[in-house]
Every structure is written in C-alpha cells, then in structure tokens.
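Have a look at the structure below before the remarks.
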Amino acid sequence: MSSSNPTEPVATAATGGVSTEIRYTPAEIEPRWQQRWAEQPDLYAAEPASSGKSKYYVLEMLPYPSGQLHMGHVRNYSIGDALARYMWMQGHNVLHPMGWDAFGLPAENAAIKNNMPPRQWTTSNIAAMKRQMDRIGFSYDWRNEVTTCLPDYYRWNQWFFIRMFERGLAYRKKSKVNWCPECATVLANEQVIDGRCWRHEDTIVEQRDLEQWFLRITNYAQELLDGLDKLEGWPEKVRTMQRNWIGRSEGAEVEFAVEDASSAPEDERSTRDKGTTVLPAREDATTNGKITVFTTRIDTIFGATSIQLAPEHALVKEFAAQDTKLASEVEALLDQQKKAREAGDIGEIEKHGVFTGHYAINPFNGERLPIWVANYILADYGTGAIMSVPAHDERDYEFAKKYGIEIRIVILPRRVESEKGEAAQDSLPYTDEESLLINSGEFNSLGNKEAQQKMAAFAEEKGFGKATITFRLKDWGVSRQRYWGTPIPMLYCEKDGIVPVPDDQLPVLLPDNVEITQQGGSPLSKLPGFVNATCPKCGGPARRETDTMDTFVDSSWYFYRYTSAKYDQGPFDPAAAQYWFPIDQYIGGVEHAILHLIYSRFWTKVMRDLSLIKNDEPAERLFTQGMVIKNGAKMSKSKGNVVSPDDMIGRYGADATRMYSLFAAPPDRDLDWQEDGVAGVSRFLGKVYRFVMKHAETARSVSATDTNVADATSQALLRKLHQTIGKITEDFAGRWHFNTCIAAIMELLNAYTAADAEIGSGKVPATTVKVLLENLVLLIAPFAPYLAFELWEQLGQEQNILRAPWPAFNAELAREDEIEIPVQVNGKLRAVIRVAAGADDETIREAIKADAKVQAAVVGKEIVKAIVVKGKLVNIVVKG
RNA sequence: GCGAAAGUGGCGGAAUUGGCAGACGCACCAGACUUAGGAUCUGGCGGGGAAACUCGUGGGGGUUCAAGUCCCCCCUUUCGCACCA
C-alpha cells in the first residue's frame with residue numbers, strides 16, 4: 001500500500017490533466033468504511049410500515065452456505081444491491097434481507113470427509129460467507145437474517161407440514177419414486193433432469209417402490225397455471241417452462257371393457273403371435289374388467305385399432321400372471337427401457353410391443369380391439385393406457401406400421417372432404433385439428449372440435465367415459481432418507497395410526513451427534529432416543545418418522561420469515577408480511593425456474609388458504625441473471641476456471657469487482673469474466689476519485705450566497721450531467737442495462753476531465769463544480785458504494801448518501817441547443833451539418849446547400865426528393 | 001423433431017422507436033512525464049485505399065428514400081421441451 005495518506009491528499013493545482021499525486025487506494029478506503037458500517041446496525045434496516053414511505057422489497061435468492069462465495073453470487077447480489085441502494089435514494093422504505101439455505105446434503109458429505117458435524121461445518125461456512133458479503137459491501141439488513149437449519153426456523157416447516165396434513169395436503173403413499181444412488185435418497189420429479197440427479201449430472205436416477213410423504217401440489221395445478229398469465233413481471237421463458245412442467249391437457253377418459261379371455265374362442269387365444277386385427281363385435285362376449293384410456297382426440301375413436309398398455313399397467317401384471325411367455329416378453333420391454341435410460345437415451349427409443357392375446361371392446365362401435373403392451377406408453381401419465389389410432393397419431397402410426405396393425409382413416413381435412421379417403425392416404429398420419437369425421441357412425445361429417453364435445457358427452461351419458469383434464473405435474477415427494485434436514489413431525493402409533501406431533505411439542509429437534517455414513521438410509525432411524533416416542537392420542541408407544549424434509553421446503557417460504565425473523569407466534573408476523581408482500585423484485589438464476597419457483601408459488605397459495613397472507617403470488621417481478629463464464633465455459637472447479645471474489649477484491653477492490661460484474665454485460669446475458677476488464681473499471685474508479693478529490697475543496701467552499709453564472713462550459717457539463725441522470729434513471733425503471741449506465745458515467749467523467757482546466761481555473765463557477773461533483777458521486781453510489789460514501793464525505797456531506805435524494809432529471813438542462821444532422825445522398829452519408837436545435841426546414845435547407853460535400857454529390861443530377869426526418873437526418877434522393 | 005434467445009472490430013459489448021454501425025471499456029500502437037511504474041496523461045485504433053472514396057453487423061434473397069433493426073429461406077451456438085396419448 002502507498003505510504004501517502006489518501007484522506008489528506010496533496011492536491012496539485014497544476015493545469016492540464018489530473019494530479020498524479022492523489023492515489024486511489026481501495027485497500028485502505030474499503031476496510032475503513034466496512035468498519036464504520038459495522039458500527040451502524042441500522043444503516044440498511046427496513047423501517048416499520050408506519051414510516052409512511054412506499055415499501056420496496058428487493059430479494060436475491062439465498063445461497064447454500066458452501067463456504068465460498070462465487071462469482072455467480074457476486075453478480076446476482078450486485079444487481080440486487082444496486083437496485084436496493086437506488087430505491088433507498090428514491091426515498092423508498094427498502095427491505096433487503098439475506099439468509100442461508102443451510103440444510104442439505106453437502107454438509108453431510110463434508111461431515112463424512114472431514115469428520116466434522118454438519119452443524120459445525122455449516123455454521124463456520126455461514127460465518128465465512130457473511131464475512132465475504134460484508135467485504136463486498138452488500139446492503140443487507142442482518143437483523144432479519146434467516147438460517148434454515150436453526151430450530152426457530154424449521155419448527156415452522158413442521159408447523160406448515162402439520163397444517164397441510166390436517167387439510168389432506170400432506171399424505172403418505174407407496175409408489176415408484178426417484179432414487180439417486182449418489183445422494184442415497186429419494187428425489188422429487190422436479191429434481192430429476194433428463195433421468196439424472198439435479199446435483200449429480202452423471203448419476204442415473206433409479207426407480208424404487210417406497211412409502212413416502214407427498215404434498216398435494218396437484219390440487220393447485222390449475223391455479224398455478226392460470227397465475228402464470230398474470231405474472232407479467234416474470235420472464236416469458238420461466239413462465240413457459242412452468243407451463244410445460246404443469247402440462248395441462250384437455251381430453252376425455254373412455255372405458256374399454258376387457259373381454260373375458262376364457263370366453264374367447266380357443267383358436268384366437270392360441271394364435272397370439274400371428275398379429276392382430278380388429279374383429280367385429282361378438283354377441284356372446286363377457287368382460288372381467290375395464291381399461292380406462294386417456295385421449296385428447298376422442299374424435300378419432302372410431303379409428304382405434306388397438307389398445308396399448310404401459311408395461312407397468314396393473315392389467316398387464318394380471319395377464320402376465322397367467323401367461324409366462326407374455327411375462328418374459330414384458331420383462332424384456334422393461335429391460336429395454338431401463339437400458340435406454342442408462343445409456344442416457346431418454347427421448348425416443350425404438351418402439352416395441354407385444355400382443356397380450358386379449359381384447360377390449362370399443363364402447364362406441366362394439367369392435368374388439370387387440371390389447372398390446374408397448375414400451376412407448378408411459379405408466380405415470382394419464383391412465384397408463386391409450387387407444388391407438390394409427391391413422392391420426394404419429395406414434396401409433398409408427399407402431400402400427402411395424403406390427404401390421406390396421407390403419408383406418410376417420411378424419412379428413414375440411415377441404416378434401418369430397419375426395420374421401422383417397423387423397424388422405426398419401427399424408428398419413430393426418431393429425432391436424434381442423435378436420436371432419438368419416439367412418440364414425442352417427443358422428444360422421446361433424447367438425448373435429450364439435451365431435452370431441454359431442455362424443456365426450458355421449459360417453460358420459462352412456463356411463464363409459466367423460467371429458468377430463470390431465471396434468472403432467474405430480475405431487476411433490478418431500479421425504480428424504482437423510483439426516484441434515486427438517487424432521488417430519490409425524491408419529492406412528494400401533495393403535496392410532498399416523499398422528500401429527502402436537503403443536504405445543506414443536507419443534508421436533510434434529511438431534512446432534514448423529515453418526516453419518518456413506519450409505520445414508522435415514523440416519524435418524526438408528527437413534528432409539530429419537531425414534532421412540534409417545535402417542536399424543538393414546539399415550540402408548542409410538543415410532544417417530546425418521547425421514548427429513550426436502551430442503552426445497554425450507555426455501556419455499558423463507559422470504560416471508562424475513563419480514564419478521566424473530567417472530568415466535570407463527571411462521572411470520574402476518575401484519576409485516578401483508579405490508580411487505582408481494583416481493584417487488586426477486587432476482588436469481590434461471591436454474592430454479594421450475595424447482596424453487598414453482599414450490600414457492602405453491603406454498604404461497606397454501607399459506608393464503610390458511611389465511612396467513614392475502615397475496616396469491618410471492619413475487620411481482622422476477623429477474624433471471626445470466627451465468628458467469630470464463631474461457632467459454634461456466635466457472636467450475638472441474639474446468640479449473642474459477643475466479644475467487646476474495647482474490648479480485650484483494651487486487652482491485654470490492655467496488656471494482658462488483659462494478660465490473662455489472663459493466664461487462666447486460667445482467668440478463670452471460671458474462672465473460674476478463675480480469676483486464678476489472679482492472680479497467682478499477683482505473684475508472686481511480687479517475688473518479690482523483691478528479692473529485694482534486695476539486696473537492698472548490699465544492700466545499702461554496703457558500704449560500706454564491707450564484708451560478710451560466711457560462712458555456714458549465715452549460716455543456718450540466719447538459720451532459722442531466723442526460724446521464726435521465727439515462728440511468730430510465731434504466732433503473734425497467735431495462736436494467738447497467739453496463740450502459742456505467743458507460744454513461746464514464747462518458748460523463750470524460751466530459752468533466754476534458755474541462756479540467758476550466759474547472760480548476762474558476763472559469764466554471766464553484767456552485768456548478770459542487771453540482772457536478774455531487775451528482776457524479778450520487779450517480780455512482782448504487783454501483784460503487786465504498787467510493788461513493790468516501791467521496792460524499794470528502795465533499796463535506798454529513799448525511800448518509802443513501803438518504804440523499806437521487807438526482808432529479810431536468811429536461812430543460814439536458815436539452816441540446818445545437819444538433820448535428822447527418823445528410824445523406826441516396827442513403828449514403830455525405831456530410832454532417834450543425835444547426836440550432838429548433839431550426840426550421842428553411843434554415844436546414846440553406847445549411848445543406850452551403851455544404852461543399854453535399855454539393856459535390858448532387859451536382860449535375862436531378863433531385864427527385866428530399867426526406868427530412870425532423871431533428872434526425874436528411875436524405876436527398878437524386879437520379880442520373 | 002418442436003419452441004425461445006443469440007450471432008456486430010483482436011476481445012467484452014453499444015446502437016431502447018427503421019434514420020451517422022462500432023458508444024463505453026479491454027487489448028494493441030505512438031507519444032509525454034519519469035526516483036523505468038503492472039502508475040498517470042495525450043493521441044490513434046473495422047477491412048481496403050496515398051486520397052477521393054469504397055466494402056462491412058453469420059449466409060442468401062426481399063421491402064424501403066434509408067435495414068444490425070422489418071419480411072422470406074438457410075447456417076451456427078446456447079437454453080427449454082421432447083414418445084405427455
């Protein structure tokens with residue numbers, strides 16, 4: 001560090017250029033302010049509702065306390081911090097909190113690796129990251145810090161869970177669930193990405209049959225979908241992803257009676273391998289069961305030529321039980337699926353199927369349809385069974401071609417109706433919605449939409465079907481066979497069954513000193529002291545649930561807790577939540593578009609139905625920032641391209657580091673980290689520092705009686721200043737292109753330094769100098785808080801700069817009094833003329849005529865016309 | 001395969017509404033100062049050309065007085081969806 005004391009700079013009055021003897025030393029300035037800020041716990045404190053100010057809740061996604069802040073965090077939080085500071089300066093009451101998503105698997109893995117209890121590991125990581133955050137100078141209101149692994153937080157997870165249980169929103173069922181062998185626990189559907197674990201992208205997720213707790217998010221499927229239309233402040237991309245995930249589709253369920261196999265003629269049963277055809281209705285057929293299919297195209301039901309079941313379908317098991325050959329064939333199908341999944345080939349695998357030897361009856365026409373088992377039928381979508389209409393469905397067509405199943409056309413495009421089947425043969429499968437029915441009995445010649453309605457109504461009337469809506473969204477599996485999470489507050493009693501822990505016994509504390517092994521498998525179950533409990537109903541012995549909750553439960557409502565983090569009468573103070581919600585601006589990575597953001601929306605709706613809050617959605621606006629890239633790849637340990645924030649801060653200062661993260665790219669785009677760029681921003685901050693320090697004395701010396709003389713230089717500088725104020729103010733209102741905001745401040749400073757001599761010589765009045773310097777510092781305050789606080793004080797201001805009003809844009813001062821007008825001839829630039837801003841056409845015409853270059857370009861040619869774009873451009877069109 | 005976003009100097013990026021392409025910064029070049037410093041200041045910096053000019057925003061066509069921006073076709077990259085009946 002320099003030996004000179006930057007707080008008492010030697011200001012040289014030398015003409016030309018900025019002094020070389022004032023040094024910008026962030027390594028000295030930043031720790032000094034950090035110290036001072038630490039002594040003012042209320043500096044960033046939100047005020048109560050009674051403050052009378054308008055509220056602004058700016059929130060960034062809370063981090064997992066890994067122990068190291070990474071550049072993605074720095075970028076995310078620098079965006080939020082700039083916004084929070086700007087909003088304070090705009091006079092709002094700002095809530096800008098931070099917390100820790102502190103439960104989760106890494107703590108357990110670290111415990112195994114370092115032989116350190118998860119709580120200790122987590123706590124020390126939080127301390128380290130908090131230190132880093134404070135070092136960068138983020139404006140968090142730590143009084144409302146939330147740490148999800150503390151009992152005063154997770155007790156409310158338990159409280160919510162019990163409320164949901166009471167309302168039937170939390171339930172237990174045995175089903176196929178996703179199992180990550182690496183995590184040694186179950187995962188929710190949302191945590192499986194392309195068949196792999198969201199945490200371990202190389203680990204194939206297995207299917208296991210387990211009894212689990214689920215939250216009934218599907219109860220809110222329609223509302224979650226509808227709400228997306230109203231979330232106009234959310235990126236379209238996120239809304240689309242959520243719509244896809246919810247996956248609503250309208251259609252109908254139709255029951256097909258299964259023909260009793262024993263009553264089928266012997267020759268049919270024995271010829272199962274010979275392929276299948278649709279058979280005419282048999283008078284004597286009896287049934288022993290039903291297959292319910294889901295279809296979005298009931299209008300094509302007369303074209304159904306087979307029934308296809310998922311290999312996991314219950315009826316397939318029945319059939320296989322009596323048919324060992326079928327059993328082994330189905331086994332082979334399942335095996336193929338499994339292999340394909342392991343090969344990472346999750347999408348379309350080749351279609352295979354087996355005829356079961358059984359038939360079902362099409363209730364619309366009584367036809368007997370062969371029942372097949374096929375690998376392209378998903379067990380967990382719809383009913384796991386379909387009617388196959390090869391003529392009008394891509395997949396069914398492919399399958400039918402392969403196995404020689406009949407293809408029957410039952411719809412035609414409207415325009416070729418007269419040509420009947422002939423023309424349509426060439427374009428199979430014909431799947432367009434706009435169509436007319438043929439070969440469909442009484443429904444012939446109906447339009448396809450009309451047919452869908454009428455046929456669903458017909459099915460309902462006759463009692464074998466109805467119009468239904470199917471969602472892809474499944475209930476949220478929240479049980480985790482791990483230690484470091486919220487204990488699920490449930491008891492199992494021999495006599496009373498499943499019994500929730502009474503509210504007055506909450507929280508169910510997560511015991512410390514648990515041995516954690518690689519195997520996972522509910523470590524809590526190995527603690528008799530935890531497992532053995534008393535049934536609150538009968539007083540008899542009960543067994544405690546030993547699974548813990550998915551950590552996405554923690555992050556589904558943490559932002560409500562921020563409004564009253566010490567509240568102990570409920571999860572949060574309802575009055576505080578009502579004041580602060582919805583969140584005005586939420587900022588985070590797009591990787592949570594489905595996971596966290598859909599769970600959070602669900603939780604909000606549940607809380608609303610519990611009358612805890614009134615808002616339907618958690619956040620008014622959502623912003624998803626881009627990734628931080630280096631050398632063309634996302635920063636990661638394995639790529640070895642990680643840049644440490646501490647290292648950057650040490651070298652260039654916190655202001656330069658965070659400002660670079662805003663300057664290098666617009667916040668929604670990926671950011672390419674280039675260290676030279678950080679150095680450049682640091683250099684710029686140094687210029688600001690030296691310029692302001694050099695002229696600070698002039699600004700400080702201004703007395704109230706001094707008047708402003710409107711000299712040309714001052715006017716030009718004030719004009720530039722107000723143009724900059726206008727630009728930045730506008731950007732904060734929505735566009736958020738902070739990169740160009742910072743560029744605009746750089747331009748402003750360039751204008752100042754170009755006039756350095758006039759400013760230093762007194763040609764620019766001291767009152768103007770004061771205005772110029774103060775506004776420069778105010779404009780930079782959201783981006784470089786250390787420098788802004790320092791210079792604000794150096795300018796003689798005693799008030800905290802965050803309480804200083806944001807500069808007011810003055811359009812009058814910003815207006816140019818002389819403008820440049822490019823003059824084109826046939827669209828090519830020939831000259832640029834300068835005229836007074838309000839100049840009339842005649843004046844402009846004269847100026848153009850007088851211009852030699854324009855003359856040269858038009859001489860000897862016929863002027864066809866001249867396009868004059870007022871105040872913008874002139875284009876002269878010539879011929880010849 | 002379907003959908004979305006993007007493609008602009010050596011690099012990051014700017015051009016918000018069809019109106020001077022390349023703001024701002026980095027790198028680089030030249031110069032100044034100099035107790036040679038990775039400090040600071042000044043100037044230059046898309047390609048071609050001595051210049052006048054001319055070419056130029058992934059490629060090809062089009063609309064227009066005027067296109068990075070609008071329309072059509074194609075290529076590349078990233079992201080999302082992907083047997084959802």
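Residue numbers begin at 1 in each chain, while the letters A, B, ... track the order of the sequences.
Within the 4.0 angstrom heavy-atom criterion, no nucleotide atom of any strand lies near Lys634(A). Gly382(A) comes within contact range of no nucleotide atom at all, as no heavy-atom separation falls under 4.0 Å. Counting non-hydrogen atoms under 4.0 angstrom, Glu236(A) reaches nothing in the nucleic acid. Residue contacts shown for Glu820(A) include a base, since a base heavy atom lies under 4.0 Å away. Backbone-only contact: Val877(A) has heavy atoms under 4.0 Å from sugar-phosphate atoms and none from a base. Within 4.0 Å (heavy atoms only), Asn826(A) reaches no atom of the nucleic acid at all. Across all strands shown, Phe663(A) has heavy atoms under 4.0 Å from base atoms, whether or not it also approaches the sugar-phosphate.
Looking at the side chain of Arg735(A), the nearest of the listed nucleotides A15(B), C20(B), A85(B) is A15(B). Among the nucleotides G19(B), C79(B), G25(B), the one closest to any side-chain atom of Lys237(A) is C79(B). Nearest nucleotide to the side chain of Ile377(A), out of G80(B), A85(B), C20(B): A85(B). Picking from A82(B), C81(B), C83(B) the nucleotide with the shortest atom distance to the side chain of Arg472(A) gives A82(B). Of the candidates A23(B), C65(B), U16(B), the closest approach to any side-chain atom of Glu747(A) belongs to A23(B). Proximity note for Gln824(A) (side chain, C-beta onward) versus A27(B), G19(B), G13(B): the nearest is G19(B). Side chain of Leu378(A), nearest nucleotide from U40(B), C55(B), A85(B): A85(B). When each of A85(B), U54(B), A14(B) is scored by its nearest atom to the side-chain atoms of Ser249(A), the top-ranked nucleotide is A85(B). Taking the side chain of Asp676(A) as heavy atoms from C-beta on, and the options A85(B), A27(B), C81(B), the nearest nucleotide is A27(B). In the set C41(B), C24(B), C65(B), C24(B) carries the atom at the smallest distance from any side-chain atom of Met746(A).
Heavy-atom distances to RNA chain B give each of Ala743(A) and Arg669(A) a nearest nucleotide, and the one nearer the 5′ end belongs to Arg669(A). Between Ile742(A) and Val874(A), the residue anchored closer to the 5' end of RNA chain B is Val874(A), taking for each the nucleotide with the nearest heavy atom.
Applying the 6.0 Å contact sphere to CD of Glu250(A) captures no more than 12 heavy atoms from other residues, nucleotides or ligands.
Rounded to an integer number of Å, the gap from NE2 of His313(A) to C1' of A85(B) is 13 Å. The nearest whole Å value for the distance from the CG atom in Leu671(A) to the C1' atom in U78(B) is 16 Å. Distance Arg243(A) CZ to A82(B) P: 16 Å, rounded to the nearest Å. Atom pair Asn244(A):CG and C83(B):P shows a separation of 12 Å (rounding to whole Å applied). Distance Glu862(A) CD to C65(B) C1': 15 Å, rounded to the nearest Å. Regarding Asp668(A), its CG atom lies at a distance of 17 Å from the P atom of G12(B), rounded to whole Å. Atoms CD1 (Ile193(A)) and C1' (A82(B)) sit 15 Å apart, rounded to a whole Å. The CD1 atom of Ile848(A) sits 19 Å away from the P atom of C65(B) (whole-angstrom rounding).
Residues Arg658(A) and Phe783(A) have side chains not in contact (no heavy-atom distance under 4.5 Å, counting atoms from C-beta outward).
Stacking of Lys351(A) on the aromatic ring of Tyr376(A) is recorded, both the 6.0 Å distance cut-off and the 45° axial limit being met.
If you take atom C1' in U69(B) and the same atom in G37(B), they sit 46 Å apart, rounded to whole Å. With both ends at atom P, the span from C70(B) to U16(B) equals 11 Å, rounded to whole Å. The separation of C53(B) from A36(B), taken at their C1' atoms, amounts to 44 Å, rounded to a whole angstrom. Nucleotides A21(B) and A15(B), compared at atom C1', are 7 Å apart to the nearest Å. Separating the P atom of G1(B) from that of G13(B) is a span of 29 Å, rounded to the nearest Å. Between the C1' atoms of G38(B) and A6(B), the separation comes to 36 Å (whole Å). Separation of the P atoms belonging to C73(B) and A4(B) is 13 Å when rounded to the nearest angstrom. To the nearest whole angstrom, the two C1' atoms, one in C26(B) and one in G62(B), are 39 Å apart.
Under 4.0 angstrom from either OP1 or OP2 of G25(B) there lies at least one side-chain N or O belonging to Asn750(A). Remark: Arg830(A) is in phosphate contact with U54(B), judged by side-chain N or O atoms under 4.0 Å from OP1 or OP2. Phosphate contact (OP1/OP2 of A85(B), side-chain N/O of Tyr381(A), threshold under 4.0 Å): present. Asn739(A) has a side-chain polar atom (N or O) that falls below the 4.0 Å cut-off from OP1 or OP2 of A14(B). Between Arg683(A) and A27(B) there is a side-chain polar atom (N or O) within less than 4.0 angstrom of OP1 or OP2.
In this structure, the ring of Phe732(A) has its center less than 6.0 angstrom from the ring center of Phe738(A).
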> Taking only Watson-Crick and G-U wobble pairs with both distances under 3.5 Å, what dot-bracket line describes RNA chain B, where [ ] shows pairs that cross earlier ones and | shows pairs with another strand?
Replying inline: (((((((..(((......[....))).(((((.......))))).(((....)))..(((((..]....))))))))))))....

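Base orientation of G48(B): anti, since the glycosidic angle falls outside 90° of 0.
In this structure, Phe399(A) and Trp372(A) have perpendicular ring planes: the angle between them is above 60°, well past the 30° mark.
Residue-to-nucleotide contacts include a donor-acceptor pair under 3.5 Å from the side chain of Lys351(A) to the base of C83(B).
For the side-chain contact (heavy atoms from CB on, under 4.5 Å) with Val854(A), the qualifying choice from Val874(A), Val823(A), Val859(A) is Val823(A), the only one to do so.
A salt bridge links Lys870(A) to Asp841(A): one of the charged nitrogens lies within less than 4.0 Å of a carboxylate oxygen.
By the side chain to side chain donor-acceptor pair (under 3.5 Å) test, Ser249(A) pairs with Tyr381(A), sequence neighbours left out. Residues forming a side chain to side chain donor-acceptor pair (under 3.5 Å) with His392(A) (at least two apart in sequence, or on another chain): none.
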>> Show, in sequence, the C-alpha distance, side-chain angles and deciding distance for Asp668(A) and Gln625(A), and conclude whether the side-chain hydrogen bond (donor to acceptor under 3.5 Å, both in side chains) test is met.
In response: CA-CA 4 Å; Asp668(A) 55 326; Gln625(A) 90 272 4; over 6 Å; no

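In this model, no donor atom of one side chain and acceptor atom of the other lie less than 3.5 Å apart for Trp198(A) and Glu591(A).
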